Amino acid sequence: MRPVAHYCTIIPPYVLDQLAEQGHEPAQRSLALDLAHRAARLQAIAPTPPAHHLTRTIRDAHHLQQAPGKPVRLEGRPPARDGSVNRAYDGLGATFALYENIYSRNSIDGNWLPLDATIHYGQHYDNAFWDGSQMVFGDGDNVIFTDFTASVDVIGHELTHGVTQYTAALDYHDQPGALNESVSDVFGSLVKQYALGQSAAAADWLIGAGLLAHGVQGVALRSMKAPGTAYDDPRLGKDPQPAHLNDYVDTSDDQGGVHINSGIPNHAFYLLATALGGNAWERAGQIWYDTLTGGRLTHDADFTAFAKATVAAAKARYQDESVANTVTAAWSQVGISTT
Amino acid sequence: MRIQVTRTGGLAGRTQRAGLDTADRSDAPHVHALAREAVAGGLRAPSYGVPDGFHYEITVDGRTVYCADPKLTDSQHELVSLVLREGTAQPVQRGLAGGN
């Protein structure tokens with residue numbers, strides 16, 4: 001059959017049917033083509049349903065600054081000799097477990113997205129990031145930072161950027177950007193706490209513990225418990241995070257200080273989780289998760305809008321109104337009014 | 001040729017700035033070529049990049065362009081690595097202004 005110009009017909013099929021029945025040849029041809037195209041279209045768009053389980057692939061960039069690289073460990077395969085491979089693999093698994101077991105979220109996109117990571121990205125590359133579809137880990141320069149697969153909360157942090165991308169899609173600048181960062185710190189820390197079975201009282205509330213190279217004066221990149229105290233080092237400088245809105249940092253660097261001012265909502269979450277007691281991933285985490293994924297948060301939400309949304313989420317989820325009151329109190333302690 | 005590179009963002013949100021003057025360098029022709037290519041492939045305004053990705057500001061003889069990980073060209077990648085590694089570290093002033 002030669003391709004003809006009747007690809008997307010504008011004539012309704014019932015009209016074609018009638019014309020064809022009357023022996024109208026172009027209509028018969030068009031109808032046949034229609035059927036063929038519909039069948040082809042159905043075949044073409046029938047998506048392969050994603051496997052309903054965790055599917056991890058770790059790839060090695062071999063120090064080139066190019067992802068994804070060569071596969072070095074697939075789902076279900078035994079550990080590799082390279083510790084970075086296994087830490088990335090386990091960190092992806094720990095993050096999947098928190099979202100699946102606690103919040104019934106099927107992977108990062110809620111639809112079983114396979115979790116991919118590239119390790120050994122670049123040379124002495126001092127960073128890790130979510131590139132919109134997968135994780136990328138550098139090895140660190142070993143002067144300031146070590147291997148970025150070292151902290152499970154950093155892996156949870158990065159993958160949560162994916163969750164945010166698929167849900168509230170908070171803008172990545174100024175206050176919405178600081179909230180985007182903070183949500184990643186919150187769930188990054190919860191990934192670690194859940195993996196270790198630690199209560200809010202027992203957790204260290206640090207982001208990137210184990211990431212600072214030997215000799216750097218500090219314990220981590222950030223502290224949700226005590227923002228501004230994670231490091232104080234001649235080379236790295238002093239942790240610039242504020243814990244209260246009065247100390248909000250206005251800067252044009254870092255997309256408007258998204259990694260700095262995240263200290264404020266970070267500390268509010270810490271205050272809430274410790275005030276509620278027990279495991280932070282339970283009520284406090286659920287309220288934050290409901291806020292992020294509930295569909296009511298706008299992409300340009302500021303601290304106040306986010307705080308109000310958490311109070312609404314607490315009221316919607318828990319009949320006991322003391323929970324919502326505890327949320328209000330936590331925000332109030334960092335200088336944000338929800339009333 | 002004077003080249004300045006500022007790297008911001010990253011998971012740690014740390015700003016690093018370094019400058020390099022090619023006047024005394026034996027590889028000046030190579031660095032000049034790199035710089036020209038890097039500027040030609042750069043953007044006139046900062047780009048969004050990816051969350052926690054590094055953002056770069058490259059200034060060559062007074063002209064500034066922007067780029068962000070993971071979408072650096074090979075010459076941008078080589079240039080920023082060279083300047084941050086071998087250039088003179090420069091102080092970073094954060095626009096501190098309290099209160100909100």
Side-chain angles (χ1 to χ4, degrees), chain A residues 65-67 121-132 136 138 141 144-145 148 154 157-158 160-162 164-165 170-173 175 177 180-181 184 207-208 211-212 221-222 231 236-237 240-242 245-255 257-262 264 303 335, chain B residues 4-18 34 38 41 43 45-59 64 66-100:
Chain A
Q65 207 155 313
Q66 286 170 359
Y121 179 81
Q123 290 189 355
H124 311 293
Y125 189 75
D126 257 346
N127 204 18
F129 59 89
W130 165 259
D131 79 354
V136 175
D141 59 3
I144 304 288
F145 297 118
F148 278 74
V154 165
H157 171 109
E158 292 307 330
T160 299
H161 278 307
T164 300
Q165 171 191 321
L170 289 159
D171 294 343
Y172 202 67
H173 60 82
Q175 287 198 15
N180 190 322
E181 271 303 311
S184 273
I207 302 299
L211 207 56
L212 299 181
L221 287 181
R222 295 185 277 278
Y231 57 84
L236 197 48
Q241 281 213 311
L245 192 62
N246 285 347
D247 302 315
Y248 186 92
V249 177
D250 279 319
T251 171
S252 59
D253 280 348
D254 187 29
Q255 311 287 112
V258 296
H259 293 89
I260 299 173
N261 294 311
S262 54
I264 298 166
F303 287 179
Chain B
Q4 188 189 57
V5 170
T6 305
R7 189 183 75 186
T8 66
L11 173 63
R14 183 167 163 249
T15 298
Q16 272 190 292
R17 182 170 296 149
L34 261 187
L43 301 166
S47 65
Y48 168 76
V50 297
D52 288 333
F54 284 135
H55 293 250
Y56 305 89
E57 189 183 300
I58 303 171
T59 302
T64 299
Y66 303 85
C67 52
D69 277 347
K71 291 189 174 170
L72 260 53
T73 64
D74 288 344
S75 43
Q76 285 167 348
H77 171 217
E78 196 178 334
L79 184 74
V80 301
S81 302
L82 174 79
V83 174
L84 291 174
R85 189 177 65 241
E86 297 182 15
T88 309
Q90 296 175 352
V92 176
Q93 286 186 325
R94 188 179 293 127
L96 280 169
N100 180 293

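Treat the numbers as computed from the prediction; the structure is a model and nothing was measured. In what follows, chains carry the letters A, B, and so on, assigned in the order in which the sequence lines appear, proteins first and then strands, with residues in each chain numbered from 1.
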Using only heavy-atom distances, determine whether the side chains of A:D131 and A:Y121 contain a donor-acceptor pair under 3.5 Å.
no
Side chain, backbone, both or neither: which part of [X] has a non-hydrogen atom closer than 4.5 Å to chain B?
{"X": "A:I207", "answer": "neither"}
{"X": "A:Q165", "answer": "neither"}
{"X": "A:V154", "answer": "side chain"}
{"X": "A:H124", "answer": "neither"}

State whether the side chain of A:N127 and the backbone N or O of B:D52 hold a donor-acceptor pair below 3.5 Å, judged by distance alone.
yes
Might you point out which heavy atoms bring A:L170 and A:T164 nearest each other, and give the distance in Å?
N-CG2, 3.8 Å
What pair of heavy atoms forms the shortest contact from A:P240 to A:V249, and how long is it?
O-CG2, 4.3 Å
Sort out for me which of A:Y125, A:W130, A:F145 touches chain B most, counting heavy-atom pairs under 4.5 Å.
A:Y125
Would you call B:Y56 and B:T8 a side-chain contact if the rule is heavy atoms closer than 4.5 Å?
no
